[in-house]
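Here the structure comes first, spelled out in structure tokens, and everything after it is commentary.
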Amino acid sequence: MVEDNQIKAQVSPFAIREGEIKTFDGKDGYVSMNQIVHKINIGHINEIHFAILDLVNEFEFITSRQLYQMLEIKGIDPKSQDKLNNKLDQLVKSKILTRYYFTSDEGKGIYRIYCLEKMGKYLLNSKEVECKWQPSDNTKTVPMIKKRLAGNQTLIAYLRKVKAFDCYVVKPAITAKVSGKKFKATGGAVKLTKNKKSIQFVFEVVRREMDWQNKIIEKMRLYKDFYENFIVGDSGFSNLPQLILICEDEKHMAETFKEIITNEVEIPQIKLYFTTDLRQNEETLQNTLVEFKLIDGKYKMENVELKLLGM
């Protein structure tokens, strides 16, 4: 597998492309549970297939490369990306998983996205694994899926590259007290621990989707409500978590910051940090965060060095 720092992409694969649509790449037709049980009995579907299923259930939408990395983190050797792809094909043909890709005027996307099918839920339930999947989940829009994929990439980067990494949550639920609204951080959350002291990072993914400016303003209002009324233990956080916005590219960070300042949805209780998809490919994450500082009456983007994010 190509290492992150060997990837030479100029544009994030999880950036929004004009006119992009989600295209079905799964299997049509009917597969019975008896057929699947037979495949399990003869060993064609085994423990590594169930490990894949657990990960797809946890992340909801995930690429084969992200699955490969997560399996390695969990101590499971996929052997090669090709061998993993063959196992994914088996699960798709058995209608345990399904698969999509994105198409736009630029052509087909370079990766496939995997998510659960009904048979996958039945198998997880048979092993007493909690699975909240329902068929309507697979109708989610391109921007929603890309936010999840960008969030996955960031969580995996922290797992692999940050020595202080402790644990992660894929879809942390947060409550804005005054408005009474519950919302989810689209990029997940991580807990970092060093010398028995912990800090939690919450990631919000911003995409250039339709009406994205208003969407991030509304989301920031919810975060502002949460932070301004925070007490220890709120939404499961022992301390104020650090909010990090994951943008599509360097220019998008500046565009997002401008929207936040112009619409007065800054959060005084914390420093607001930004990063991008491609910054997660760096060999170390200690220089991947950015903040905007007011210098001589103008805001300037500056890299933030956090040694806590090193190896």
Original post:
Can you find a side-chain donor-acceptor pair between Lys181 and Thr175 that sits under 3.5 Å?
Top reply: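 Thr175 and Lys181 do not have a side-chain donor-acceptor pair below 3.5 Å.
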Under 3.5 Å, side-chain donor or acceptor atoms of residues 267-274 against the rest of the protein: list the pairs with distances, not counting sequence neighbours.
none

**OP:** Take Tyr111 and Tyr101, measure what ring pair (Phe, Tyr, Trp, His ring centres under 6.0 Å) needs, and give me the verdict at the end.
**Re:** CA-CA 7 Å; Tyr111 57 90; Tyr101 61 87; 9.9 Å; no
Can you tell me if [X] uses its side chain to pair, donor with acceptor, with the backbone of [Y] under 3.5 Å?
X      : Y      : result
Lys27  : Thr98  : no
Lys161 : Gln280 : yes
Tyr227 : Pro241 : yes

Sequence neighbours left out, what passes salt bridge (Lys or Arg N to Asp or Glu O under 4.0 Å) with [X]? Give chain and number order.
X      : result
Asp249 : Arg208
Lys219 : Glu204
Arg17  : Glu106
Glu58  : none

Which residues share a ring-ring contact (aromatic ring centres under 6.0 Å, His included) with [X], sequence neighbours left out:
X      : answer
Phe203 : Tyr158
His252 : Trp212
Tyr122 : none
Phe50  : none

Original post:
So, Phe292 versus Tyr299, ring centres under 6.0 angstrom or not?
Top reply: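 Distance test on ring centres: not under 6.0 Å, no.
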Original post:
Taking the six-membered ring for Trp, are Phe226 and Phe183 ring centroids under 6.0 Å apart?
Top reply: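 Here the rings of Phe183 and Phe226 have centres that are no less than 6.0 Å from each other.
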Less than 3.5 Å apart, which donor and acceptor atoms pair up between the side chains of residues 302-311 and the rest of the protein, not counting sequence neighbours?
residue	atom	partner	partner atom	Å
Asn303	OD1	Arg279	NH1	3.2
Asn303	OD1	Arg279	NH2	3.2
Glu305	OE2	Gln286	NE2	3.2

Subject >> Gap between atom CZ of Phe14 and atom CD of Gln153 - 0.5 Å precision >> reply: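 One finds 5.0 Å between CD of Gln153 and CZ of Phe14.
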Original post:
Could you state the interatomic distance from CG (Leu91) to CD1 (Ile45), rounded to the nearest 0.5 Å?
Top reply: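 Atom-to-atom, Leu91:CG and Ile45:CD1 are 6.0 Å apart.
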Subject >> All pairs passing ring-ring contact (aromatic ring centres under 6.0 Å, His included) where residues 27-47 contributes a residue, at least two apart >> reply: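 Every pair satisfying ring-ring contact (aromatic ring centres under 6.0 Å, His included) with a residue in residues 27-47: there are none.
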Subject >> All side chain to side chain donor-acceptor pair (under 3.5 Å) counterparts of Asp89, not counting sequence neighbours >> reply: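 Asp89 satisfies side chain to side chain donor-acceptor pair (under 3.5 Å) with Arg99 once adjacent residues are dropped.
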